[in-house]
There are 2 protein chains.
Amino acid sequence: MNKSSPTIREVAARAGVGVATVSRALNRSGYVKPDTLTRILKAARDLNYVPNRTAQAMVRGTTRTIGVITPDLESSIIMGMVKGINRVAYQHGYMLTIMESEGSSEWERAIAQTMRGMRIDGLLLFATPGTPTVVREMQSAGIPLVVLDRLVEGLGVPQVAADHYAGACVATNLLIDQTGEAPAFIAGPRDVWSAEARLKGYQEALKANGFDYDPSRVIPGEFGFDEGFHATKALLTRYPQIHGIFAANDLSGLGSMKALEEEGIRCPNDVKVVGFDDILPARLSNPPLTTLHQPAKGIGETAMTLLLGLIEGDDCQLGPFLLPAELIRRKSC
Amino acid sequence: MNKSSPTIREVAARAGVGVATVSRALNRSGYVKPDTLTRILKAARDLNYVPNRTAQAMVRGTTRTIGVITPDLESSIIMGMVKGINRVAYQHGYMLTIMESEGSSEWERAIAQTMRGMRIDGLLLFATPGTPTVVREMQSAGIPLVVLDRLVEGLGVPQVAADHYAGACVATNLLIDQTGEAPAFIAGPRDVWSAEARLKGYQEALKANGFDYDPSRVIPGEFGFDEGFHATKALLTRYPQIHGIFAANDLSGLGSMKALEEEGIRCPNDVKVVGFDDILPARLSNPPLTTLHQPAKGIGETAMTLLLGLIEGDDCQLGPFLLPAELIRRKSC
DNA sequence: TTGTAAGCGTTATCAA
DNA sequence: TTGATAACGCTTACAA
């Protein structure tokens, strides 16, 4: 039973002027006698008046709202990107409507349509398997959009992500420098773009350092703690003399360190480990995990900035824009 | 340059009917000849028509949107609550507009006003120091709202939070059971409600077990890893024989375990540690940290359910509603 | 410098 | 069973 808010008409009545004058006064558009202005402002404040944005949206044809479809509200990396988005959006007078798809392609589509109904001015989409469909639909609906977090081939819209490939090269090089040998790699899921990019970076760094790529040193870790643990156990039986492990993400790297500890192998003394992502547990582990920091805020800021360009009709740079991951040196390496 | 979406008028034209009929057909309200219905549905699909929700909001006087003001998008506990909110909201056909205040009272107020302008149907507010002001403003504006995550005295609106007090009792009892002595307590910030509730629970459990409350066993930890570390170092110099430590949150508990390890004290053999929150690092530490799980999803779901009641005009139960924290037994205790 | 009135895209009332 | 038409609250010509 929402006590209905005052309308511009009531403000006008109270200030003894017409509605157009109130509108002009409140928006500081067009002429208003200073005297009248103060009277209107006072009336508005007295009534605790706030313009109805849905009405404004109708006539202005814009909501100054950006839709964000995220696969997981609880992921701190993803939400770090949303934070970056939010900052830039706020600076430019835009609001965010954030919705969670839980990674489901169907939901993603449904949400995108809902947002279209809300007349969002632009859409920020975290790439998932369902992304190409949504992109096509939104493009044909004329909604400006930018895809982030992962790269997808031939999408025809700007894309922003971390440079997982280059980051993996850095990590691998570091391990090679410190051990003088080719490190093992605990790989992520084969069907995840970032995991593949990290694998490619590992391979490339190996080659650049004159090592042959040995697939038997690559163990599937599925980006999980337990998987990283078991991968390392398996690795150690096959290569008891290994000195360097590059884990495709922090979680599997942490699992790896646990396996090492259980085997009585000291880290970093005997085996050095490097992870990827820079999640909180990596900072708290013992030893703290050396890792590559995902530039989450920067990705969000870049994506939002690009979207702003699109909305304002700049001709669009597709990128892809890859932001470097920063090496965070800690004790595990 | 948003290619403008088709309107109901265009659908009507294409289907050869009036707009009222299209509206009735699409909303399944009122009579529409089956034949006409299919024709309209087809026309709508052909045009890729989606009703303009801002227009709907104008005439319906409701947006079916709930505003959520969160202090921190990156906090997985908070966002867990938002996830719970989202679930219930979705089931009832509501959408969320999530905005971040970064804990600033001013922003919180500004955001609440913005949301009022958007004509949200209800507001979910994570309690912060600025909350009482916002609550007053929104109440006088007639916006249904529910406060969550922390309890604030005399707010006059429903409140939902975890039962930190009871959880702390459980933790303390567990440590007493296992060590036969009064544990130390690494306290959180004095001005944070949940930290105080946990302290009270600790004190209460002590008393219930016949121990005197000894303030010198309570060390400030400020909810931080490093603070927990230093607190434990200090504690150990004062009480080298301590056998149980209850940390007010996981972060300080993890810091505590690190201090123990550095001192060559084994956990759980020599000293047992219990934390609070159940954040990811607690599961990954060595040993994994026994802790109390914050029922984040449940808090969100409860808050949203209460809000729904308010919106539908039920007479409102203020609560406060305290959801039990669940003991997660791991190896540190 | 101000006010009147025409939309914006829906829904809902009321006649037909 | 359907279609004009009057709202909803605002902005913006256009007139005064």
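Chain identifiers are assigned alphabetically (A, B, ...) following the order of the sequence lines, protein sequences preceding nucleic acid strands; residue numbering begins at 1 within each chain.
Residues from residues 51-60 of chain B that place a heavy atom under 4.0 Å from any atom of DNA chain C, listed by number: B:Pro51, B:Asn52, B:Ala55, B:Gln56, B:Met58, B:Val59, B:Arg60. Using a 4.0 Å cut-off on heavy atoms, the residues of residues 24-39 of chain A that approach DNA chain C are A:Arg24, A:Tyr31, A:Val32, A:Lys33, A:Thr36, listed by number.
Between the side chain of B:Gln139 and the main chain of B:Val157, no donor-acceptor pair closer than 3.5 Å is present. Of the possible polar contacts, none joining the A:Glu137 side chain to the A:Val134 backbone as a donor-acceptor pair under 3.5 Å is found.
The minimum heavy-atom distance between A:Ala303 and A:Leu124, with the atom names listed, is O-CD1, 4.1 Å.
Sorted by first and then second residue, the side chain to side chain donor-acceptor pair (under 3.5 Å) pairs involving residues 153-164 of chain B (not counting sequence neighbours) are B:His164-B:Arg198. Among pairs with a residue in residues 40-75 of chain A, none fulfils ring-ring contact (aromatic ring centres under 6.0 Å, His included), at least two apart in sequence or across chains. Listed by first and then second residue, the side chain to side chain donor-acceptor pair (under 3.5 Å) pairs that reach into residues 14-31 of chain A are A:Arg14-A:Asp46, A:Ser23-A:Asn27, sequence neighbours excluded. For the salt bridge (Lys or Arg N to Asp or Glu O under 4.0 Å) condition, the pairs that include at least one residue of residues 72-99 of chain B, sequence neighbours left out, are A:Asp72-B:Lys83, A:Glu74-B:Lys83, A:Lys83-B:Asp72, A:Lys83-B:Glu74, A:Glu100-B:Lys83, A:Lys297-B:Glu74, B:Arg87-B:Glu301.
Of all nucleotides in DNA chain C, those with any atom nearer than 4.0 Å to a heavy atom of chain A start and finish, going 5' to 3', at C:dT1 to C:dG9. Bracketed by its first and final contacts, the part of DNA chain D lying under 4.0 Å from non-hydrogen atoms of chain A reaches from D:dG9 to D:dT12 in 5' to 3' order.
Judged as a side-chain contact (heavy atoms from CB on, under 4.5 Å), and not counting sequence neighbours, the contacts of B:Thr62 are B:Arg60, B:Arg64, B:Asp121. B:Glu102 pairs by the salt bridge (charged side-chain N to carboxylate O under 4.0 Å, His left out) definition with nothing, not counting sequence neighbours.
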Can you list, pair by pair, the side-chain donor-acceptor contacts under 3.5 Å of residues 33-40 of chain A, counting residues two or more places apart and other chains?
| residue | atom | partner | partner atom | Å |
| --- | --- | --- | --- | --- |
| A:Thr36 | OG1 | A:Lys33 | O | 3.4 |
| A:Thr38 | OG1 | A:Pro34 | O | 3.4 |
| A:Thr38 | OG1 | A:Asp35 | O | 2.7 |
| A:Arg39 | NH1 | A:Ala15 | O | 2.5 |

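A donor-acceptor contact closer than 3.5 angstrom links the side chains of B:Arg116 and B:Gln113.
If you run side-chain contact (heavy atoms from CB on, under 4.5 Å) between B:Leu123 and each of B:Ile143, B:Leu310, B:Leu307, only B:Ile143 comes through.
Crowding of A:Gln317 atom CD: a count of heavy atoms from other residues, nucleotides or ligands under 6.0 Å not exceeding 12.
Put simply, CD1 on B:Ile85 and CD1 on B:Ile66 are 9.5 Å apart, with the number rounded to the nearest 0.5 Å. With rounding to the nearest 0.5 Å, the separation of CG in A:Leu96 from CD1 in B:Ile98 is 9.0 Å.
Contact annotation for B:Thr7: backbone-only contact, meaning every heavy-atom pair under 4.0 Å involves sugar-phosphate atoms and none involves a base.
Axis angle between the ends of the helix from C:dT1-D:dA16 to C:dA16-D:dT1, five pairs each and rounded to 10 degrees, works out to 40°.
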